[in-house]
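Since the structure comes first, as structure tokens, the remarks are kept for the end.
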Amino acid sequence: VWHSAPMFDWWRRLSRAEVIAQPFSAEFREFVRARVPLASYLTESEHAKLEALVRILLSEKTFEGAGGLVLTDEMQLAIAARACLLVLHRVELDAPLYPELETIVVYPSTYRAPHRQQEGYVVIEGVETRLGESWSHGLVVLSWNAVQAGSADLTDGHDVVLHEFAHQLDAEGGTMDGTPQLDWEHYSIWSRVAGLEYAALCKAVEDERPTHIDPYGASNAPEFFAVIVEQFFERPRALRLQHPALYTELSGFFRWDPAARIDERGWQ
């Protein structure tokens with residue numbers, strides 16, 4: 001039975017060490033594992049760390065329902081589990097977790113948001129329908145319908161939670177520009193590899209040729225980063241096969257090689 005008034009609120013009064021020590025029920029554990037890409041390939045220690053990161057995120061970030069949506073434990077868990085998968089091998093339990101993020105707002109379905117675009121000297125203002133968005137400072141917005149669609153198929157390469165939290169990782173470098181925060185020596189390699197792949201995707205989309213990477217990634221460099229992150233976690237072997245240099249750079253950034261893990265264990 002899920003709670004209409006989320007039980008995680010009281011965790012805010014606890015220290016991080018106390019939050020980490022809070023046990024997950026068997027029901028929560030199975031729910032999380034059923035909604036996380038690559039879950040069947042994680043070790044027990046990785047599952048334990050993922051659950052600890054989920055507890056940290058739920059206790060340190062604010063979740064808010066919008067558009068009449070009443071948030072439940074189920075909704076918060078579904079979002080937090082995939083957000084924490086991204087940093088499973090990047091963040092230790094005593095380190096900041098999505099340090100710039102304060103609030104996750106969830107709408108029932110697609111929502112409308114103001115849009116402002118400048119073309120030369122002309123500024124165009126209007127309203128867009130969105131599935132999610134990520135701000136550089138403090139906010140992620142999601143559509144619950146889109147969150148559910150992402151967990152319906154964990155291998156289709158599309159997940160709005162992975163996408164929007166990838167933007168958060170991108171922004172940790174100071175700006176949301178498609179280049180995540182890297183060790184100094186890796187910036188030039190990333191710029192070269194990602195730059196060539198992005199240019200190739202843009203050219204393929206312009207020529208109306210089929211692409212292995214979601215064509216939405218040709219929108220701009222930040223969207224390119226977000227869609228390749230989705231594919232890295234949902235279709236890692238396909239990304240490695242079709243874009244090996246890009247896969248190698250993402251594997252270095254996330255400090256994990258999920259395609260090799262699948263090779264070891266086989267499809268389950």
Side-chain angles (χ1 to χ4, degrees), residues 24 26 28-54 57 77-93 97 146-170 180 182-183 186 189-190 193-194 196-198 200-201 210-217 223-268:
F24 260 1
F28 280 11
R29 179 168 289 115
E30 289 308 309
F31 178 84
V32 167
R33 295 186 182 196
R35 284 157 180 80
V36 174
L38 301 169
S40 60
Y41 300 100
L42 298 179
T43 64
E44 283 306 310
S45 63
E46 287 170 334
H47 274 298
K49 183 179 178 183
L50 178 64
E51 291 176 6
L53 288 170
V54 168
L57 190 144
L77 276 172
I79 293 165
R82 272 121 81 188
C84 291
L85 177 67
L86 294 184
V87 296
L88 177 61
H89 297 91
R90 282 188 53 81
V91 174
E92 297 305 320
L93 297 182
L97 178 62
V147 173
Q148 288 180 300
S151 62
D153 186 342
L154 299 177
T155 62
D156 63 357
H158 299 288
D159 188 298
V160 69
V161 179
L162 299 181
H163 186 102
E164 300 304 339
F165 278 84
H167 283 313
Q168 287 293 306
L169 293 179
D170 181 5
L182 298 163
D183 297 332
H186 290 121
I189 302 173
W190 174 270
V193 172
L196 288 172
E197 292 278 8
Y198 176 57
L201 178 63
T211 62
H212 296 124
I213 296 173
D214 187 339
Y216 185 64
E223 296 303 342
F224 178 74
F225 177 69
V227 300
I228 62 176
V229 168
E230 289 178 88
Q231 188 153 356
F232 179 81
F233 283 96
E234 292 219 339
R235 305 185 69 234
R237 291 208 299 188
L239 185 64
R240 183 184 61 182
L241 175 66
Q242 295 148 358
H243 304 274
L246 189 60
Y247 179 87
T248 297
E249 293 311 304
L250 286 169
S251 183
F253 174 71
F254 286 108
R255 302 171 190 170
W256 195 37
D257 187 348
R261 181 72 63 85
I262 294 171
D263 290 342
E264 293 168 8
R265 298 195 178 190
W267 290 105
Q268 296 180 7

- prompt: Are Arg90 and Phe253 in a cation-pi setup, meaning NZ or CZ lies under 6.0 angstrom from the ring centre and within 45 degrees of the ring axis?
  reply: yes
Whether Tyr247 side chain and Ala259 backbone form a donor-acceptor pair below 3.5 Å: yes
query: Ignoring hydrogens and geometry, is there a side-chain-to-backbone donor-acceptor pair from His47 to Ala39 under 3.5 Å?
result: yes
field: Leu50 CG to Leu85 CG distance, which is reported to the nearest 0.5 Å
entry: 6.5 Å
query: If every non-hydrogen atom of Leu239 is compared with every non-hydrogen atom of Leu250, which pair is closest and at what distance?
result: CD2-CD1, 3.8 Å
- line: dist Ile228:CD1 -> Arg235:CZ (nearest 0.5 Å) comes out at 14.5 Å
- prompt: So do Phe24 and Leu77 actually touch side chain to side chain, heavy atoms under 4.5 Å?
  reply: yes
field: Flag for His158-Glu234: side-chain donor and acceptor within less than 3.5 Å
entry: no
- line: CG of Leu53 to CG of Leu88, rounded to nearest 0.5 Å, is 6.5 Å
field: Atom of Leu246, atom of Ala194 and distance for their closest heavy-atom approach
entry: CD1-CA, 4.4 Å
task: Might you work through the ring pair (Phe, Tyr, Trp, His ring centres under 6.0 Å) test for Tyr198 and Phe225, ending with a clear yes or no?
output: CA-CA 9 Å; Tyr198 176 57; Phe225 177 69; over 10 Å; no
query: Should the pair Arg33-Glu44 be classified as a salt bridge under the 4.0 Å nitrogen-to-oxygen rule?
result: yes
message: Looking at Arg261 and Glu46, is there a salt bridge between them, counting it only when a charged N and a carboxylate O are closer than 4.0 Å?
response: yes
field: Donor-acceptor under 3.5 Å (Arg265 side chain, Ala260 main chain)
entry: no
message: Once rounded to the nearest 0.5 Å, what's the spacing between atom CD of Gln231 and atom CZ of Arg240?
response: 13.0 Å
- request: Hey, can you tell me if Tyr216 and His163 have their rings parallel, tilted or perpendicular (30° and 60° cut-offs)?
  value: tilted
task: Have a look at Phe224 and tell me which of Val229, Asp214, Leu201 forms a side-chain contact (heavy atoms from CB on, under 4.5 Å) with it.
output: Leu201
task: Would you mind checking if Asp159 and Arg35 are paired as a salt bridge, meaning a charged N to carboxylate O distance below 4.0 Å?
output: no
- line: CG (Asp153) and OG1 (Thr155) are apart, to the nearest 0.5 Å, by 4.0 Å
- prompt: Which heavy atom of Glu249 sits nearest a heavy atom of Ile189, and at what distance?
  reply: OE2-CG2, 3.4 Å
Heavy-atom side-chain proximity of Pro37 to Leu162 below 4.5 angstrom: yes
- request: Give the ring-plane orientation class for His89 versus Trp256, where under 30° counts as parallel, over 60° as perpendicular and anything between as tilted.
  value: parallel
- prompt: Should Glu223 and His167 be marked as a side-chain hydrogen bond (donor to acceptor under 3.5 Å, both in side chains) after you check the CA-CA gap, both sets of side-chain angles, and the distance that decides it?
  reply: CA-CA 8 Å; Glu223 296 303 342; His167 283 313; 3.3 Å; yes
Chi angles and distances behind the side chain to side chain contact (heavy atoms under 4.5 Å, CB included) call for Val87, Leu169: CA-CA 9 Å; Val87 296; Leu169 293 179; 3.8 Å; yes
Shortest non-hydrogen contact from Val54 toward Ala81: CG2-CA, 3.6 Å
task: Of all the heavy-atom pairs spanning Ala52 and Leu93, show the shortest one and how long it is.
output: CB-CD2, 3.8 Å
Side-chain heavy atoms of Val147 within contact of Arg82, under 4.5 Å: yes
- prompt: Does the side chain to side chain contact (heavy atoms under 4.5 Å, CB included) test come out yes or no for Glu51 and Cys84, once each step is laid out?
  reply: CA-CA 9 Å; Glu51 291 176 6; Cys84 291; over 6 Å; no
task: State the NE2-OG1 distance between His243 and Thr211, to the nearest 0.5 angstrom.
output: 7.5 Å
query: Do you know the tightest heavy-atom contact between Leu38 and Pro236?
result: CD2-CG, 4.1 Å
